[in-house]
Amino acid sequence: MSGVGPVEPGEGTHAWDSTTSRDGTRAWYPAAPDDGTHARGTAGPAADTRAGDSPGTDSRAPATGVRARLAPLAHRCAAHRRTAIAVLTAVCLLAVGGLLYATRPHQREPATPQPPFPAQVVDVTYLGGRAVPPGAPPHTLSFEVLLTVESGPPVTVTRVSQPYAGISLTSAPRAPFRTTAGSARKLVITMHVTECGKVPENAGLPFLDVTLRNARAIQVQSFILGPHYAQDLSRALQVACSNDSTS
């Protein structure tokens, strides 16, 4: 027996583990060191790391870097979106305001009042019988009326007539003549009986047709002069168409 025993591992050396194969030989493997490191050729925690990654690094680092690079772009897009929304809102408000302004009820300027129709401001009143003008032919009768213009522009009388076919009529002053507002004019109406067969024996409601004109219109107005005019006219016609001058 030799006095030389197995070699003890020294400082910096490692013991080898041995396994016995079927043929009786032993295979020696370096033992795992006691300081937590791994022997060369063995699998340890570092073997789980991916190629190109060093131990202790996070495999999600590339995704985090992309997000970091995209973050400013996202902020700019959000700012542009907010600006576009603000501009669109302002445009809509302006459009609504313009529509409300255009459709608001406008205060109309007071229209200039038009002058009244001449028939509304003219009145004719019967004053009574009058002596026949000298040199008048037989079967002639005369009476007097008063024409008054109450208001508005001046009124012009362009014609005076009566409805009976057997009687002709003239006036003094002769038409046309003008009368201003607030004034009156006396007219002498002279009638001449031309055909007694066409003259009524008893004039019920005789009237005068007067054509009036002012700045507003031209109108033909029929003036009924009242019962006194009817009585005087009937009496005068009876006298003119008979040999008896009594009524």
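Values below: every heavy atom of this structure, side chains too, minus hydrogens, waters and symmetry copies.
Shown here is R213, whose CZ atom has no more than 12 heavy atoms of other residues, nucleotides or ligands within 6.0 Å. Summarising the local packing, CG of L205 is surrounded by 12 or fewer heavy atoms from other residues, nucleotides or ligands at distances under 6.0 Å.
Distance check: K186 NZ to E144 CD gives 5.0 Å after rounding to the nearest 0.5 Å. Between the OG atom of S171 and the CD1 atom of I189 there is a distance of 5.0 Å, given to the nearest 0.5 Å. A distance of 12.0 Å separates OG in S168 from NE2 in H139, rounded to the nearest 0.5 Å. Remark: T89 OG1 to L94 CG distance equals 11.0 Å, nearest 0.5 Å. Taking CZ from R235 and CD from Q238, the interatomic distance works out to 8.0 Å, rounded to the nearest 0.5 Å. If you take CG on L212 and CG on N214, they are separated by 8.5 Å, rounding to the nearest 0.5 Å.
In this structure R185 satisfies the side-chain contact (heavy atoms from CB on, under 4.5 Å) test together with P173, F177, T179, L187, sequence neighbours excluded. Scored by the salt bridge (Lys or Arg N to Asp or Glu O under 4.0 Å) test, E150 finds no partners at all (sequence neighbours excluded). Y164 meets the ring-ring contact (aromatic ring centres under 6.0 Å, His included) test with no other residue; sequence neighbours excluded.
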Passes side chain to side chain contact (heavy atoms under 4.5 Å, CB included), V149 versus L147? Steps please.
CA-CA 7 Å; V149 178; L147 184 142; 4.2 Å; yes
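Of all non-hydrogen atoms in P138 and H192, the two that sit nearest each other are O-CE1, 2.8 Å. Across all non-hydrogen atoms, the minimal contact from T190 to P133 is OG1-CG, 4.1 Å. Across F143 and L208, no two heavy atoms sit closer than the pair CE1-CD1, 4.5 Å. Residue V193 comes nearest to C196 through the heavy atom pair CG1-SG, 3.8 Å, listed as atom of the first residue, atom of the second, then distance. Closest approach of S142 to A131, counting heavy atoms only: CB-O, 3.9 Å. The shortest non-hydrogen separation linking Q162 to I167 is NE2-O, 2.7 Å.
Formation of a donor-acceptor pair under 3.5 Å by the Q231 side chain with backbone atoms of H228 is not found in this model. Between the side chain of T140 and the main chain of A136, no donor-acceptor pair closer than 3.5 Å is present.
Contact annotation: the side chain of P118 never approaches that of P153 to less than 4.5 Å [non-hydrogen atoms, C-beta and beyond]. The closest side-chain heavy-atom distance from T170 to V160 is not below 4.5 Å. The closest side-chain heavy-atom distance from V210 to V220 is not below 4.5 Å. The shortest side-chain heavy-atom distance between F223 and V122 falls under the 4.5 Å cut-off. Between V239 and L237 the shortest side-chain heavy-atom distance does not fall below 4.5 Å.
Between the side chains of R178 and T180, no donor-acceptor pair is found at a separation under 3.5 Å.
Residue V124 is tested with T148, V145, L146 for a side chain to side chain contact (heavy atoms under 4.5 Å, CB included); the sole match is V145.
By the criterion of side-chain heavy atoms lying less than 4.5 angstrom apart, applied directly or through intervening Ile, Leu, Val, Met, Phe, Trp or Tyr residues, V132 is not grouped with L169; the two fall into different hydrophobic clusters.
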